[in-house]
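Note that these values count all heavy atoms, side chains included, but never hydrogens, waters or copies made by symmetry. None of these values were measured; they are calculated from a predicted model.
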Amino acid sequence: MTMAGRTASRTGVAGAHPPPAARRDLGWIGIPLVAVAGLAAFWLLPDDLALLTRIAASALFVLSLDLVLGYGGIATLGQAAMYGTGAYAAGIAAVNWISDPFALLAVGGLAGGLIALVTGALILHAHGLTLLMLTIAVGQIVQEIANKARDWTGGSDGLSGIDPAPVLGLFRFDLYGRTAFLFALAVLVVALMVARRIVRSPFGLACRGVKEDPLRVSALGGSPKSYLVALYAVAGVFAGVAGALTAVTSGIVGLDSAGFPWSAEALVMLVLGGTGRLYGAVIGTAVFMGIHHILASSDPFHWMGFIGLFLIGIVLFLPGGIASGAGRLSALLSALARPGRDGGRA
Amino acid sequence: MSGAALLEVEGLSRNFGGLQVASDISLTLRAGDRCALIGPNGAGKTTFVNLVTGVIPPSAGTIRLAGRDVTGLPAAERVRLGLIRSFQVARLFRSMTVREHLELAVLQRDRRTFRLFASVARVAGLAGEVAELLDAMGLGAVASTAVGSLPYGQQRLLEIALAVAMKPKVLILDEPAAGVPHAESQRILDAIDRLPTDLAVLMIEHDMDLVFRFASSIVVLAQGRLLCSGTAAEIAADPQVREVYLGSRADAR
């Protein structure tokens, strides 16, 4: 997969492995894997569907962050601004006007994309810490607007009363959350396919160029800022859809959906899973929220400490995130297999 | 030698405070010209390149590209008009493969980089053109190698390939063989020899062997001013040049 080729080339041993491009073509396998893993979880954990639905929607949110950070190199702690905007836009539309779940996702995506386009055009001339501060500020502003516009958003009480129509007019959102989870999983899988398409497009190539060396892109005649603003807007659409998906499947939207902690948590999940690989977002979210769920119920006082230790371990021993582990493992196995027996390859 | 004037620089000056780093430089490059810009360290060669390409604005003077005044245009706009430079230190995207570099350059040139849902692999005509560029530069064998793990000489070749991929009118090569072992610099010179004959090339170079093999005309810069210019033979025989440039270089060695 992608990860193997990248890791190899970073450490300068690319010659010992098949060329990265040949491996990258296998990256599509991850998408059916996510679908199968999701369906397996659906059968194996029928009592945890609410959690699994949250994981799927959150993974979509973290995926949007990966587009921005992993493919554009934009450091942000304000991605929740787009998520919250999408969630509130879909929630308000659901309460007042429309109930079709797909239309609600479209509303959320549009809202998230628009806010990202506008704020991105305003702040993306900045870099590093300045940009980080500006993204936090945008998040705080969005959250404060949601807090003040009580008539529309319910303020600190949250927005409730979202009652979406059956999916495709056929599948009602049931009490057990079966429809909700399968809907969320389907949206995540489609989003992964679209994201993969985008990162492999000419646009995705140009964004990777900007991430590595914006000045070199200028020297090729490109405008780094317009790529970044466009990428920020595209990722805003993903985040907005993720917010709308949460609103549709959970039925409520709270102020924390646009809050700084949610942006920061998304960053933690992405780093845990691995940046710049798309699947890292899904893996990181599932691992983080899964551990959170298990530890928080068994040891409600210290679970955050365990998460912290786990994160330190990952950063120290798998700097590329969990998703890089597969590539490292196969490199290790082939290195072990080379001297002596050659039948022992995994 | 009598091609259309592609790059016309007139009275180009730049001072940083009281320091005059370029003063009243004029230069014309015509289609087919192979011109070398030489001068001792600190003569203002790189400053001149930065002025011409628009990285820093001039204090005075005009720059015309194929007859059009580009003095006020930003660097990226000049690139789109066909004024391309290569960098003295290879500036490449380390994690991207050789092929991806050329794809990006060609897509950028054709302004097809805002296609979000097309696959790079299926853009019409792209694979063929990239394959031609790879062949022309002898980079076919390393097409799928990440540039970060490529030997420096091949990085320089890629740097030139990128410039060629942009289909320039005027190409400025800033020390294309800097840092490359002498044995390999021949490959770079070969690549330069194969450049399309209708473009104007300005090469900034220290290595006098390369300069005399490449250039039909030579411009000598010293302390930010144009010392003299002429054919390679004239410059080699010029006593002033010998003293200011070749002489000081010999001392340094």
- line: Checked Leu205(A), Ile198(A), Val217(A) vs chain B; the most non-hydrogen pairs under 4.5 Å come from Leu205(A)

message: Tell me which of these, Gly222(A), Ala230(A), Ser223(A), has more heavy-atom pairs under 4.5 Å with chain B than the rest.
response: Gly222(A)

- request: Sort Ala75(B) into side chain, backbone, both or neither according to what part of it lies under 4.5 angstrom from a heavy atom of chain A.
  value: neither

- prompt: So which part of Arg112(B) gets closer than 4.5 Å to some heavy atom of chain A, the side chain, the backbone, both or neither?
  reply: backbone

message: Using heavy-atom distances under 4.5 Å, tell me whether Leu116(B) contacts chain A through its side chain, its backbone, both, or neither.
response: both

Segment of Val123(B) engaging chain A (4.5 angstrom heavy-atom cut-off): side chain

- prompt: Charged N to carboxylate O under 4.0 angstrom, Arg208(A) versus Glu100(B)?
  reply: yes

Glu159(B) bridged to Arg156(B) by N-O distance under 4.0 Å: no

- line: Whatever's closer than 4.5 Å to a heavy atom in chain A on Arg78(B) counts as neither

- request: Tell me, please, whether Phe87(B) has Arg85(B) positioned over its six-membered ring: NZ or CZ under 6.0 Å from the ring centre and within 45 degrees of its axis?
  value: yes

message: Is there a side-chain contact between Gln154(B) and Met137(B) in this structure, where contact means two heavy atoms from C-beta onward sitting under 4.5 Å apart?
response: no

Interchain contact, Met166(B) with chain A, by part (heavy-atom threshold 4.5 Å): side chain

query: Checking heavy atoms, do the side chain of Glu103(B), its backbone, both or neither come under 4.5 Å from chain A?
result: both

query: Among Val55(B), Thr113(B), Val79(B), which has the most heavy-atom pairs under 4.5 Å with chain A?
result: Thr113(B)

- prompt: What is the ring orientation for Tyr227(A) with Phe114(B), classed by angle as parallel under 30°, tilted 30 to 60°, or perpendicular over 60°?
  reply: parallel

- prompt: Distance from Leu104(B) atom CG to Arg109(B) atom CZ, nearest 0.5 Å?
  reply: 12.0 Å

task: Could you tell me whether the side chain of Phe48(B) reaches within less than 4.5 Å of the side chain of Val219(B), counting heavy atoms only?
output: no

